[in-house]
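So you know, we letter chains A, B, ... as the sequences are listed, proteins then strands, and number each from 1.
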Amino acid sequence: MRKTLLLLLATTLAISSMKGQDTIPFIKAAQLSAWRSGASDTVYVLNFWATWCAPCVAELPHFEKLTAEYAQKPVRVVLISTDFRRDVDRRLKPFVERQDLKSQVVFLDERTPNDWIDLIAPEWSGAIPATLVVRPKAKFERFFERQLRYEDLEKAVQEALSQ
Amino acid sequence: MKHALQLSLLFFFLSAAALWAQSGGYRVGDVARDFNLKNVDGKMVSLSKMKKAKGYVVIFTCNHCPFSVAYEDRIIALHNKYAKKGFPVVAINPNDKDVQPADSYENMQKRAKEKGFPFVYLYDETQEIARAYGATRTPHVFLLDKNLRVRYIGAIDDNHEEPNAVKERYLENAIEALLAGKEVPRTETKAIGCTIKWRATSK
């Protein structure tokens with residue numbers, strides 16, 4: 001328990017110190033578990049996407065809107081890129097800069113999807129876009145394996161907040 | 001009382017139907033349906049017409065998806081290795097051309113020619129087959145035995161980005177098991193892939 005808290009604190013600090021997104025933090029599957037099943041009372045909105053994924057890019061503005069409108073609430077959007085590693089510098093970073101994304105962007109530095117897809121949701125087949133809205137302390141979770149509308153997203157977040 | 005029973009029965013069937021619809025598609029052990037789809041050479045292809053096959057490596061894939069592209073050479077190699085042993089690759093593109101023009105039939109023909117696909121590359125224009133199988137992403141593999149029983153569902157291997165760093169060849173291991181008359185060691189795996197581009201009106 002204490003270890004999880006420390007891990008959470010450490011990663012939160014590590015990630016927040018990189019704000020501004022000059023660099024994109026590389027995360028491991030353990031971080032997904034920490035967000036998913038830690039003791040945090042924050043609502044995490046974990047979106048799995050890639051720069052070349054058209055439906056993912058189409059829904060990005062909704063996540064940006066959520067980040068802006070819920071800035072004062074315990075809600076954190078994390079855009080988890082599943083781009084190829086070789087594309088991080090040449091595609092992902094320029095994309096994030098060009099779009100001027102305000103939500104946190106991280107790169108999932110894992111090689112074996114079969115090992116971590118179930119950590120997010122056992123019902124996830126692996127198609128992107130996919131989004132998990134989770135509030136660990138309240139044991140609230142809602143998973144979507146599809147492109148979302150802003151209404152879907154906000155509804156899930158409001159439900160999470162009202163738990 | 002009678003009404004209550006009827007109602008609860010109705011409810012039971014409705015929820016069972018809802019569950020079934022939701023989980024849609026085949027699980028390992030189910031018998032898959034055959035189909036009659038147009039190949040890039042203009043001919044219609046059915047599994048039942050592949051007389052020499054001892055099984056079928058059905059792969060839902062497409063032109064545009066970077067994961068599919070990353071696996072093209074590996075799919076070619078798989079076909080070259082296993083078609084002669086009775087397990088040909090049957091590639092099916094389920095994407096709607098209006099949602100993703102890069103996956104039109106003409107573009108499939110072009111890609112097949114560019115890469116010299118040695119396997120059939122079929123167009124599931126109505127998306128009926130992808131729905132029946134329960135494919136959700138590209139690439140998405142369904143390995144069938146001679147009786148069309150589904151023996152493996154999932155990914156080709158455990159590393160889409162670096163073919164040289166692959167540790168576990170899920171699909172190849174499954175085919176080898178079938179060839180040896182053994183149980184498939186790992187019957188289901190997952191991978192990240194591009195969502196199938198469903199026609200706007202049908203979903």
| message | For the OG1 atom of Thr112(A) and the CG atom of Asp157(B), what is their distance to the nearest 0.5 Å? | response | 9.5 Å

| field | Ala70(B), part contacting chain A, at a heavy-atom distance under 4.5 Å | value | side chain

| Ignoring hydrogens and geometry, is there a side-chain-to-backbone donor-acceptor pair from Lys190(B) to Asp118(A) under 3.5 Å? | no

| Does Glu161(B) reach the main-chain N or O of Arg111(A) with its side chain, forming a donor-acceptor pair under 3.5 Å? | no

| Side-chain heavy atoms of Gln147(A) within contact of Thr195(B), under 4.5 Å | no

| Region of Trp124(A) that comes under 4.5 Å of a non-hydrogen atom in chain B | both

| query | Got a sec: does the CD of Glu183(B) have more than 12 other heavy atoms crowding it under 6.0 Å? | reply | no

| query | Do Phe84(A) and His160(B) touch side chain to side chain, with heavy atoms closer than 4.5 Å? | reply | yes

| query | Considering all heavy atoms of both residues, which atom of Pro113(A) and which atom of Ala191(B) are nearest to each other, and what is their separation? | reply | CB-CA, 3.9 Å

| said: Take a 6.0 Å sphere around NZ of Lys110(B) and say whether it holds more than 12 heavy atoms from other residues, nucleotides or ligands. | reply: no

| query | Which bit of Lys167(B) is near chain A, if near means a heavy-atom gap under 4.5 Å: side chain, backbone, both or neither? | reply | neither

| Is it the backbone or the side chain of Arg85(A) that comes under 4.5 Å from a heavy atom of chain B, or both, or neither? | both

| said: Please classify the contact between Gln100(B) and chain A as side chain, backbone, both or neither, with a heavy-atom cut-off of under 4.5 Å. | reply: neither

| request: Step through the shown structure and confirm whether more than 12 heavy atoms of other residues, nucleotides or ligands are within 6.0 Å of NZ on Lys49(B). | output: yes

| said: Only pairs of heavy atoms separated by less than 4.5 Å count here; which of Glu145(A), Glu110(A), Arg86(A) has the most with chain B? | reply: Arg86(A)

| field | Closest heavy-atom pair and its distance - Gly126(A), Arg137(B) | value | C-CD, 4.1 Å

| Any chance NZ of Lys137(A) has more than 12 other-residue heavy atoms, nucleotides or ligands included, within less than 6.0 Å? | no

| message | Measuring from atom CD of Glu188(B) to atom OG of Ser125(A), what distance do you get when rounded to the nearest 0.5 angstrom? | response | 11.0 Å

| request: Evaluate the side-chain proximity of Ile128(A) to Ile192(B): yes if any heavy-atom separation is below 4.5 Å, no if none is. | output: yes

